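Just so it is clear: chains get the letters A, B, ... in the order the sequence lines come, proteins before strands, and each one is counted from 1. Worth saying up front: this structure is predicted, and the values here are computed from it rather than measured.
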Number of protein chains: 2
Amino acid sequence: MEKFKKNERVVALIKILSDNPNQVITLNRFSELLNAAKSTISEDISAARKIIECLALGEIETIPGALGGVKYKPILTLEQSLEFLKRLCTELKDPSRIIPGSFIYMSDVLGNADQVATIGRIFASCFKEKNADYIVTIETKGITPAIMTARAMNIPLVIARTGNRVTEGTTISVNYVSGSKKIQTMSVSKRSIKEGSKVILIDDFMKAGSTIKGLKDLMSEFKAEVVGTGVIMSTAEPDHKVIDDYVSLLILNDVDETSKTISIIPGIK
Amino acid sequence: MEKFKKNERVVALIKILSDNPNQVITLNRFSELLNAAKSTISEDISAARKIIECLALGEIETIPGALGGVKYKPILTLEQSLEFLKRLCTELKDPSRIIPGSFIYMSDVLGNADQVATIGRIFASCFKEKNADYIVTIETKGITPAIMTARAMNIPLVIARTGNRVTEGTTISVNYVSGSKKIQTMSVSKRSIKEGSKVILIDDFMKAGSTIKGLKDLMSEFKAEVVGTGVIMSTAEPDHKVIDDYVSLLILNDVDETSKTISIIPGIK
């Protein structure tokens, strides 16, 4: 196998780490793949770390010991997150987004893979110390940011479904009061979450918090602990939500259908 | 601003391209970001291309002209795709996946961000010449592979929903016969697809193809042309599907509940 030059090895290394966020890759693996001694790989990693940190493209963490190696965390700084959220606010304030009933059209944002990938990295940055085992969301609109958070954190995504589906096998279900005040059922496949796990809940929108409350109740059926909750947007009113302790990337203060104005600000600081 | 060494610049360059698949990034942008002359950046790009192609990590394409630059395509080779699909077959053949009614439990695969990211790259490789404007899927289970395909191709994802939702604004709906022989409605927000667009349909599972057929009918309401259809798994029976011309990554030949065996093979060759 051909020998690579230093810069070629470093490029390959950063590409592989970057394609596999939050996964430990051993020095042995790199050593095989790049046909170089472990000591050489170690130096390459130092070079990669320097540039990644200098340009604020994330973090490279070293895991010591026999099973050790390195992993790449696609973390955003608070400054980078705020810069993104301010641009998103500007985009969302466009009056043509107002939908009768004072809703905001944001399906295009949730279908923009680039934007939801960044949102996933912001959530991953917020919850990086939580040692979570799963990301959990409820169909439909939370799924794209949730899978991107799962990717950034390298943990599985579990999707709760409204009603029961034959392709899920045995399910556990709870009833909850939806945003539109209807009693609904949400279910999760019994085999999808191990008892005693730590989970992070991700959703697109929160008003009073009843859907998130439903997800929390469902998690307690799995004896799972909710260690974090993240929503892309929450409304300023009602001030009192049925859940506390959540991260909201954006706060929606007001949608005025008459004057066609939307007031929305970044929610993290 | 500090000057970077060659290997540092190449690392940064590959990291940025890799985080922004299929997006044209101009030499000017790199030149500013990395504080180096455009001629230097050109050489760095050649170095990056060499290693990316040598290790089969994708392709770097040069776009000439005033608006030109480079873009990174996260393409997988047929060999890499098959290797992944063979591993996936082994995983899916596990008898504990059989669900009464001869279904296979695969929600865990659809919630594994790493696996769906690879699936997205395979679809992007299959459809790279199609010049599509949108990826379209139907809730729920196709969403995770669909957003990853959208990310790899750098085009928006549009999600058709069963029934009508207040947060979508004005929608266009069609009726279709679902896999369970029920007449259902699927809708897409009117503003989400421009007339005359080219779309690629992505879904998780196809039996006779009636859901895909419904999506096709819905697209014709938008005067959109379906230029490709990709499903993760299709059944060998019925042999005659209501649609033709689709890519199926896996073919499900048989699920035998009595002997607890599943026969499944890669569908692309």
For [X], which atoms come within 4.5 Å of any heavy atom of chain B: side chain, backbone, both, or neither?
X        : answer
A:Ser189 : side chain
A:Ile51  : side chain
A:Val158 : neither
A:Ala12  : both

Tell me if a side-chain donor or acceptor on A:Arg191 pairs with a main-chain N or O of B:Ser96 at a distance below 3.5 Å.
yes
Using non-hydrogen atoms and a 4.5 Å limit, figure out which bit of [X] sits close to chain A: side chain, backbone, both or neither.
X        : value
B:Glu168 : both
B:Arg165 : neither
B:Thr167 : both
B:Ile99  : side chain
B:Asp114 : both
B:Leu110 : backbone

How long is the gap from [atom1] on [X] to [atom2] on [Y], to the nearest 0.5 Å?
X        : Y        : atom1 : atom2 : result
B:Leu13  : A:Ile14  : CG    : CD1   : 12.5 Å
A:Lys6   : B:Lys6   : NZ    : NZ    : 14.5 Å
A:Ile52  : B:Lys15  : CD1   : NZ    : 5.5 Å
A:Met148 : B:Thr144 : CE    : OG1   : 10.0 Å
B:Leu57  : A:Asp19  : CG    : CG    : 7.0 Å
A:Ile16  : B:Leu55  : CD1   : CG    : 6.5 Å

Can you confirm whether B:Arg161 sits close enough to A:Glu139 that some side-chain heavy atom of one is under 4.5 Å from a side-chain heavy atom of the other?
no
Only pairs of heavy atoms separated by less than 4.5 Å count here; which of B:Thr170, B:Val166, B:Ile159 has the most with chain A?
B:Val166
Who wins among B:Gln115, B:Gln23, B:Glu8 for the most heavy-atom pairs under 4.5 Å with chain A?
B:Glu8
Ignoring hydrogens, what is the shortest heavy-atom contact between B:Ser18 and A:Ser18? Give both atom names and the distance.
OG-OG, 3.9 Å
Tell me, yes or no, whether the heavy-atom count around [X] atom [atom1], taken from other residues, nucleotides or ligands under 6.0 Å, exceeds 12.
X        : atom1 : result
B:Lys207 : NZ    : no
A:Lys93  : NZ    : yes
B:Glu83  : CD    : no

side-chain contact (heavy atoms from CB on, under 4.5 Å) against B:Ala124, all qualifying residues, sequence neighbours excluded
B:Ala152, B:Met153
